[in-house]
There are 2 protein chains.
Amino acid sequence: MIKPLSKSLKNPQSAREKTYRLLKKQLLTGQLRPNKRLTEEALAKKFGVSRTPVRDALHKLELEGLVKTAGARGFCVPEESFEDMSELFEIRAVLEGHAMACVCKIITQENIQSLKKLVQSAEQAFLSGKSDPIFDYNTQFHDLLYGLLASQKPRLFSIIEDMREYVLRYRKSTLTHPKGIRRSISGHKKILMALDLREPQLCERIMRKHVYEAKEDTLLYKG
Amino acid sequence: MIKPLSKSLKNPQSAREKTYRLLKKQLLTGQLRPNKRLTEEALAKKFGVSRTPVRDALHKLELEGLVKTAGARGFCVPEESFEDMSELFEIRAVLEGHAMACVCKIITQENIQSLKKLVQSAEQAFLSGKSDPIFDYNTQFHDLLYGLLASQKPRLFSIIEDMREYVLRYRKSTLTHPKGIRRSISGHKKILMALDLREPQLCERIMRKHVYEAKEDTLLYKG
DNA sequence: TATTTTTTTTTTGGATACAATATTTTGCTG
DNA sequence: CAGCAAAATATTGTATCCAAAAAAAAAATA
């Protein structure tokens with residue numbers, strides 16, 4: 001007999017979560033362009049739910065800065081701004097720099113080996129002209145790195161996760177350009193060296209620089 | 001003729017905002033103790049509104065970590081944890097350190113003078129045995145300092161503001177103990193010196209240390 | 001009595017109806 | 001035709017209703 005779908009409270013299948021995830025995805029991937037007007041009613045219809053979960057999702061996204069209220073005209077997608085993008089990367093640089101210093105103190109030799117493999121895979125993909133999987137290797141690298149913090153520094157971890165998501169909004173076509181890819185890979189190699197040396201302060205500096213480079217590349221190859 | 005109160009959309013007098021502010025205040029000041037169970041219905045009755053604005057407030061507070069869901073038993077106030085407090089201060093140290101470096105680059109001589117006056121006032125109050133206004137001078141000092149970032153780095157500014165609020169939860173009785181006050185005042189003096197020297201990196205280090213000291217004092221004189 | 005099953009209660013999730021307000025449109029007046 | 005006033009419309013805020021799920025309580029059974 002088929003067990004009835006348990007509609008748990010924090011269930012990712014709840015209308016609220018579903019709406020939130022869908023809407024967020026459309027915002028981050030640019031399917032909803034800046035200045036696009038969003039009304040609860042229209043979104044509710046679009047997603048096949050009532051206004052309630054849409055409202056919840058919109059308010060949550062407003063806190064994240066992914067939509068903004070437009071008074072009695074509903075919500076709208078904020079325009080992209082260099083200042084905002086720049087600030088996001090700057091905060092990321094500071095937080096991820098610190099995170100790296102923390103990681104440095106707890107990372108095992110096995111972890112470092114796994115990271116090395118990822119970088120090698122990325123490099124091979126690059127050399128053989130496949131730029132598609134690079135983005136994935138990149139993501140895996142960072143996930144593995146910061147995943148080490150998930151239990152010990154849950155707040156830092158989740159702030160970093162969130163910020164990495166937000167900048168996606170500004171990062172649609174980076175890491176497809178050879179120069180950006182090269183910089184990214186060599187950045188990851190430096191990170192590994194710093195980790196090998198077990199010097200927290202060096203780790204922090206290297207990671208800050210790495211994020212700043214990512215910012216520059218995002219700026220450069222934008223559009 | 002008296003103009004009817006315009007009940008604007010983001011009005012701070014809306015039921016949602018009112019409920020959110022009240023609830024948050026009670027959480028931060030400890031009127032609602034850890035493990036206290038919160039149900040929408042009960043809070044709605046208590047605040048004289050319907051469940052809807054209460055729900056909104058609870059969800060917002062959940063994102064901030066000030067309440068947590070307890071499944072189908074509503075919400076509850078999370079227990080205080082040294083780890084969490086410690087992490088909050090650590091993140092603050094990193095972010096405020098960076099903020100100081102930014103401030104250092106744009107602060108005017110007049111701003112520095114205003115800050116000096118605040119420190120002097122605090123010191124005088126301390127020497128004459130009045131410890132009550134110290135907390136206010138302290139707050140003013142930080143408000144003035146970071147206020148300089150409000151327009152240029154709005155995200156950094158608001159994250160720092162939020163985090164300063166959160167730690168209040170753990171900081172009910174600090175800055176009434178002589179040792180903590182002395183450390184705080186001497187910390188502010190060092191900050192002023194670093195600003196006078198216009199050395200961003202020094203500013204960053206000094207501020208980090210200042211926040212770490214605040215953490216230690218909070219830990220020490222807790223309860 | 002202990003354990004399992006069933007029923008009842010509590011509580012949130014979601015939908016909808018209504019109220020308040022901001023915006024837009026329309027119409028009037030000079 | 002421009003400018004202002006008023007009506008109409010669109011949209012969110014709030015209250016309430018119903019359903020679903022979980023927790024708690026009660027009942028049945030070994």
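Counting non-hydrogen atoms under 4.0 angstrom, L38(A) reaches the backbone sugars and phosphates but no base.
Partners of T139(B) under the side-chain contact (heavy atoms from CB on, under 4.5 Å) rule, at least two apart in sequence or in another chain, are F135(B), D143(B). By the ring-ring contact (aromatic ring centres under 6.0 Å, His included) test, F141(B) is found to be paired with H188(B), residues two or more places apart in sequence or in another chain being considered. Here E40(A) pairs with R51(A), V54(A), R55(A), L58(A), F75(A) under the side-chain contact (heavy atoms from CB on, under 4.5 Å) rule; sequence neighbours left out. When the side-chain contact (heavy atoms from CB on, under 4.5 Å) test is applied to S158(B), no partner is found at least two apart in sequence or on another chain.
In this structure, Y20(A) places its OH atom 16 Å from P of dG13(C), rounding to the nearest Å. For the pair D56(A) CG and dA15(C) P, the computed distance is 11 Å after rounding to whole Å. Between the P atom of dT12(C) and the CD atom of Q13(A) lies a distance of 22 Å, rounded to the nearest Å. What separates NZ of K18(B) from P of dG13(D) is a distance of 15 Å, to the nearest Å. Taking atom CZ on R73(B) and atom C1' on dT12(C), their separation rounds to 14 Å, with Å as the unit. If you measure from atom CZ of F75(A) to atom C1' of dG13(D), you get 11 Å, rounded to the nearest angstrom. One interatomic measurement links the two molecules: CD of E40(A) to P of dT16(C), which rounds to 14 Å at whole-angstrom precision.
The side chain of T39(B) has dT12(C) as its nearest neighbour among dT11(D), dT12(C), dT14(D). Taking the side chain of E41(A) as heavy atoms from C-beta on, and the options dG13(C), dT12(D), dT12(C), the nearest nucleotide is dT12(D). Out of dT11(D), dT14(D), dT11(C), the shortest distance to the side chain of R37(B) is found at dT11(C).
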Can you give me every donor-acceptor pair (side chain of residues 99-109 of chain B, partner residue at least two apart or in another chain, under 3.5 Å) with its distance?
{"residue": "T108(B)", "atom": "OG1", "partner": "E110(B)", "partner atom": "N", "Å": "3.4"}
{"residue": "T108(B)", "atom": "OG1", "partner": "N111(B)", "partner atom": "N", "Å": "3.1"}
{"residue": "T108(B)", "atom": "OG1", "partner": "N111(B)", "partner atom": "OD1", "Å": "2.9"}

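Taking the charged nitrogens against the carboxylate oxygens, E96(B) and K215(B) have no contact shorter than 4.0 Å, which rules out a salt bridge.
Distances shown here put a side-chain N or O of R16(B) below 4.0 Å from the OP1 or OP2 atom of dG13(D).
Scanning residues 46-55 of chain A for heavy-atom distances under 4.0 Å to DNA chain C yields V49(A), S50(A), R51(A), T52(A), P53(A).
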Could you go step by step and tell me if E204(B) and R208(B) meet the salt bridge (charged side-chain N to carboxylate O under 4.0 Å, His left out) rule? CA-CA 6 Å; E204(B) 179 162 8; R208(B) 277 201 189 190; 3.7 Å; yes

